[in-house]
Structures are given as C-alpha cells and as structure tokens.
K.L.:
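I have a structure I would like to understand better, so I am pasting it below and will then ask my questions one at a time.
Numbering of ligands and ligand atoms starts at 1, following listing order.
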Amino acid sequence: MYVEMKNIYKTFDGFHASDNVNFGIEKGQLAALLGPSGSGKTTILRMIAGLDVPDSGDILINGMRVNNLPGSKRGIGFVFQNYALFRYMTVADNIAFGLKIQKKSKAEIKERVDELLELIAMPGLGKRFPHQLSGGQRQRVAFARALAPNPQLLLLDEPFAAIDAKVRRELRTWLRDMIQRVGITSIFVTHDQEEAMEVANTIIITNQGRVEQIGAPEEICRNPETEFVSDFIDSKYLEAMKWRNG
Ligand SMILES: Nc1ncnc2c1ncn2[C@@H]1O[C@H](COP(=O)(O)OP(=O)(O)O)[C@@H](O)[C@H]1O
Ligand SMILES: [Mg+2]
C-alpha cells in the first residue's frame, strides 16, 4: 500500500469529522473519496497533506509513518477546488512556484515549466495571467503547478467543482488520462458519483466520518455492503453496470 490510514480519529469541538477511518491505496491508483457534503472527505485529504493533524491513528506513506513529518516533506502535490492560482503571477511563475522554493536553477525551472506547459497542452501560454484563461485552463495550470516538484502523491479536492458542466466532462477525461500518463498515485475528493465512477479505479465511500466501503466502481455498484451505500449509489449506475456486465 502506498497510502494507509489506520484507525484515524479527528474531532472538531467534539464533532467526529473522522471516526476510525481505515483504508489503503496502492501505488499508481487513482482513488476517489466519495460521499455527501460534511462526511469528512476534505478532513482526510488535509490530514494526508499535513494540513491537519489526527487526534489519534497512523498515517503511512510508502510504509513510513508521517504523522510528525511536515506537509512540505511528504512529497505531495495539492490541487484545490477554487484553482487558488496566484493572481499576480504569470502562468509560468505559478507553475514554477514550488521549484523556486526548492531553489532550482533558472535553467532547470525553465525546462520543467516548458515541459509542463506542453503536458497540459498550453505551450506558449506561460506569459499569460490567470484572468486571461478559461476555467478549464486555470485548473490545468493548477494541476501543472502541483506536479512541478515531482510529487509522489497527488491530492485533489473537488477539482472540477467550480467549472461549468460541459467543460467539467472534458476535464475529467483529461485528468484521468493525464494521471495515467504521469503514473502518479492520486486521491481526489468528490460528492458527485458520476465523476467518481468515470474517473477513479478505486472508490472510498465516506459517511459521517466513517468509511462505508472501498472498492472498484463496478464492485461497489454490484455489491453495496451497507444500507447507506445502496441508498447513496444511484440505481441508474446499478442498471448501467448490470447492462455492462451482461
Ligand atoms: N476546521 C474545522 N473546524 C470545525 N469543524 C470542521 C472543520 N473542518 C471540518 N469541520 C467539520 O467536519 C465535518 C466534515 O467536514 P469535511 O471534511 O470538510 O467534509 P466534506 O469534505 O466531506 O464535505 C463537517 O461537519 C465540518 O463542519
Ligand atoms: Mg470537502
């Protein structure tokens, strides 16, 4: 397992945001944390990133307990829901941000930025500012910025939420292909089951701070293990899966 959450508890003022969370994700997987709003998805992501500390339990990355390791040393890239690009920086400077912190040379930075602009299909747009981009382009820049320092784990919190429906569809497919191409272990948060089904190869279903089920999309559709999961997963996906699997 590349990422492991073991017996994780986290409370906010007595409220159980994580209530004995356990799961593991293998290297190279693209996992979705799927659940209703308030079910504890973002809390899990923030603890993996080192932005929040669990009350108890262990977080392991690549077999190492990271509870006491600062987020910046965990080899993680983070993409937020609202792009969070630096408005007064060009696209190239946004992408270069993590590399400058790492004190890479100018030449190295330029090479990496050009490579990433190519990867996100925006070559030559490095001099633009965020407001000169479409929502989809901005989110691709956020993705490039997260990938620039070569993280081993990519975390994305509702990365498509602020983007309109049509572009969101395209961006989903794009992201899935891109993550496969880069081969990076990734976890993304969503409350949209269609998005999880379409993008992820593992789905972790959260409810009231607990993990209800973890499995491949087909498996979760075919064999919902709890009442919550069978209620939450829309029957239209069950039908589609039955049809798909004969
Ligand atoms: N910093 C915080 N302070 C107080 N309560 C919080 C904090 N962060 C999260 N919570 C609470 O924990 C619960 C889970 O939140 P969150 O992990 O953001 O859920 P999700 O991402 O699934 O919508 C929510 O009820 C939320 O109000
Ligand atoms: Mg959230």
K.L.:
Going by the side-chain contact (heavy atoms from CB on, under 4.5 Å) test, name the single residue among V199, L175, I187 that passes it with L156.
P.N.:
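Testing L156 for a side-chain contact (heavy atoms from CB on, under 4.5 Å) against V199, L175, I187 leaves exactly one candidate, L175.
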K.L.:
Checking a contact table here: which protein heavy atom is nearest atom 25 (O) of ligand 1, and how many Å away?
P.N.:
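It is F15 CE2, 3.3 Å.
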K.L.:
What is the minimum heavy-atom distance between Q139 and P159, and which atoms define it?
P.N.:
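What the structure gives for the nearest pair is NE2-O, 2.5 Å.
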K.L.:
Taking 2.8 Å as the upper limit, name the protein N, O or S atoms near the Mg ion (ligand 2).
P.N.:
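Counting only protein N, O or S atoms under 2.8 Å from the Mg ion (ligand 2), the list reads T42 OG1.
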K.L.:
May I ask you to establish whether K10 and F12 are in a cation-pi arrangement, using a distance under 6.0 Å from NZ or CZ to the six-membered ring centre and at most 45° from the ring axis?
P.N.:
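Verdict for F12: a cation-pi partner in K10.
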K.L.:
Hey, does K166 have a side-chain heavy atom less than 4.5 Å from the side chain of E170?
P.N.:
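In short, these two side chains touch, coming nearer than 4.5 Å.
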K.L.:
Which heavy atom of the protein is the closest neighbour of atom 3 (N) of ligand 1, given with residue, atom name and distance?
P.N.:
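Scanning the protein heavy atoms, the shortest distance from atom 3 (N) of ligand 1 goes to F12 CD2, 3.5 Å.
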K.L.:
Out of S39, G40, G38, G14, who gets a non-hydrogen atom closest to atom 23 (O) of ligand 1?
P.N.:
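Minimum heavy-atom distance to atom 23 (O) of ligand 1 goes to G38.
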K.L.:
Would you list the pairs meeting ring-ring contact (aromatic ring centres under 6.0 Å, His included) in which at least one residue belongs to residues 177-233, sequence neighbours left out?
P.N.:
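Found F228-F232.
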K.L.:
Please determine which of L33, V229, V211, I214 meets the side-chain contact (heavy atoms from CB on, under 4.5 Å) test together with I205.
P.N.:
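For I205, the side-chain contact (heavy atoms from CB on, under 4.5 Å) check succeeds only for V229.
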K.L.:
Treating Ile, Leu, Val, Met, Phe, Trp and Tyr as nodes and any side-chain heavy-atom pair under 4.5 angstrom as an edge, say whether L60 and L155 lie in one connected cluster.
P.N.:
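No, L60 and L155 fall in different hydrophobic clusters.
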K.L.:
Quick check, are the ring centers of Y88 and F86 under 6.0 angstrom apart?
P.N.:
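Not under 6.0 Å, so no.
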K.L.:
So is S37 in contact with ligand 1, going by heavy-atom distances below 4.0 Å?
P.N.:
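In this structure, S37 qualifies as a contact of ligand 1 - some heavy atom is under 4.0 Å.
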K.L.:
Give a yes/no verdict on whether any heavy atom in P36 is under 4.0 Å from an atom of ligand 1.
P.N.:
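Contact check P36 vs ligand 1: positive.
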K.L.:
Which is closest to atom 22 (O) of ligand 1 in terms of heavy atoms, K41, R46, Q208?
P.N.:
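Checking each option, the heavy atom nearest atom 22 (O) of ligand 1 is found in K41.
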K.L.:
Restricting to ring-ring contact (aromatic ring centres under 6.0 Å, His included), what partner residues turn up for Y2, sequence neighbours left out?
P.N.:
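Residues passing ring-ring contact (aromatic ring centres under 6.0 Å, His included) with Y2: none at all.
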K.L.:
T43 heavy atoms, cut-off 4.0 Å: which ligand 1 atoms fall inside?
P.N.:
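Per the distance check, 15 (O), 16 (P), 17 (O).
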K.L.:
Nearest protein heavy atom to atom 27 (O) of ligand 1: under 4.0 Å?
P.N.:
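So far as the 4.0 Å threshold goes, atom 27 (O) of ligand 1 is out of reach of every protein heavy atom.
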K.L.:
Give the numbers and elements of all ligand 1 atoms closer than 4.0 Å to a heavy atom of A17.
P.N.:
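Matching atoms, with element in brackets: 12 (O).
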K.L.:
Report the hydrophobic cluster partners of F15, with the cluster defined as I, L, V, M, F, W, Y residues connected by side-chain heavy atoms closer than 4.5 angstrom, directly or transitively.
P.N.:
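Result for F15 is none, singleton.
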K.L.:
Is it true that V53 and Y9 fall in one hydrophobic cluster, defined by side-chain heavy atoms closer than 4.5 Å?
P.N.:
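Different hydrophobic clusters.
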K.L.:
Atoms of ligand 1 less than 4.0 Å from T42 heavy atoms?
P.N.:
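So the atoms of ligand 1 that pass are 17 (O), 18 (O), 20 (P), 21 (O).
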